[in-house]
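Sequence positions, counted from 1, serve as the residue numbers for this chain.
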Amino acid sequence: MASGGCMKVTKYFLFLFNLLFFILGAVILGFGIWILVDKTSFISVLQDSSSSLKTGSYILIAVGGFTMVMGFLGCVGAVNEVRCLLGLYFTFLLLILILQIVAGVLIYFQKNTLKSEVSSVIHKLIVDYNPSDTPKSAESTWDYIQYNLKCCGWISYQNWTENPNVGNHTDYFPCSCVANNTRAESGFCNTTVSALYPAGCEAQVEGWLQDNLAIILGVCVGVAVIELIGLILSICLCRNIQNEDYTKVPKY
């Protein structure tokens, strides 16, 4: 009797955790879609210049979708006490957890390379910046970033001297660099160095990336905890199912 009650508690706890697991998978899926469609933040600047970010967003979408499927399988297997579904769920859940750990280690050891890539992307954007050409979302977004973060260039306003339109001029800079501008307009303005934002955007952008990275890592840690709990509960429930009963499998 006690064993049966314990099994019921395990079953419904596993269902609850898999429901949460399903929701977290949806969050990961949504985050990947957000990276693809966002056009108003620093993400869009990197999108137009780096294929690795788009690849990462597709990976997030795939992982999120697969996580949702596994959460659904776990819910069905737990409620209907289907050992084959629980075994499949356990196997793929363990695989996902291992892949997450490997990905986290790779990202940690490649963070300097990522920082270098970001700097290279911004340097190329500043050198090629020319609003008179066909409008590009990356250029408009960079103007938006400079205006809202109150910064100019990557390290400082002097980065803009590498742009052929600015050259060695001391009175010709992007309008989004001018401190007294009332809106983030694209293009160049005649101004003085003293009217520019003195700080570069590197520190502010790094802070923005770290803030968003913390959100991503927080979601991943939350998913990992749910995965560990799901692994433990699924193996306990699977061991307590004595005989496979395929009549419990829902028929559609």
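Between Asn148 and Tyr144, the closest side-chain pair of non-hydrogen atoms falls below 4.5 Å. Between Val178 and Leu196, some side-chain heavy-atom pair lies under the 4.5 Å cut-off.
Annotation: the span from Cys177 atom SG to Trp160 atom CH2 amounts to 6.0 Å, rounded to 0.5 Å. To the nearest 0.5 Å, atoms CG (Asn130) and CZ (Phe188) are separated by 6.0 Å. One distance of note links CG of Leu149 with CH2 of Trp142; it measures 8.0 Å at 0.5 Å rounding. A distance of 9.5 Å separates NE2 of His123 from CG of Asp128, quoted to the nearest 0.5 Å. In this structure, the separation between CD1 on Ile126 and CD1 on Ile155 is 9.0 Å, given to the nearest 0.5 Å. Distance check, rounded to the nearest 0.5 Å: OG1 of Thr91 to CG of Leu95 gives 9.0 Å.
Looking only at distances, a side-chain donor or acceptor of Asn159 sits under 3.5 Å from a matching main-chain atom of Ser156.
In the hydrophobic clustering of this structure, Ile23 does not group with Leu16; members are Ile, Leu, Val, Met, Phe, Trp, Tyr whose side-chain heavy atoms approach within less than 4.5 Å, directly or through other members. By the criterion of side-chain heavy atoms lying less than 4.5 angstrom apart, applied directly or through intervening Ile, Leu, Val, Met, Phe, Trp or Tyr residues, Leu19 is not grouped with Ile232; the two fall into different hydrophobic clusters. Val127 and Val166 fall into different hydrophobic clusters, defined by Ile, Leu, Val, Met, Phe, Trp and Tyr side-chain heavy atoms under 4.5 Å apart, directly or through other members.
Between Cys201 and Cys151, the two SG sulfurs come within 2.5 Å of each other, short of that mark.
Within a 6.0 Å radius of CZ in Phe92, no more than 12 heavy atoms belonging to other residues, nucleotides or ligands are found.
Remark: of the listed residues Ile122, Leu125, Val121, Ile122 is the sole one forming a side-chain contact (heavy atoms from CB on, under 4.5 Å) with Trp154.
Across every non-hydrogen atom of Gly153 and Gln146, the tightest pair is N-OE1, 2.9 Å.
Judged purely by distance below 3.5 Å, without hydrogens or angles, the side chains of Tyr129 and Asn165 never pair a donor atom with an acceptor atom.
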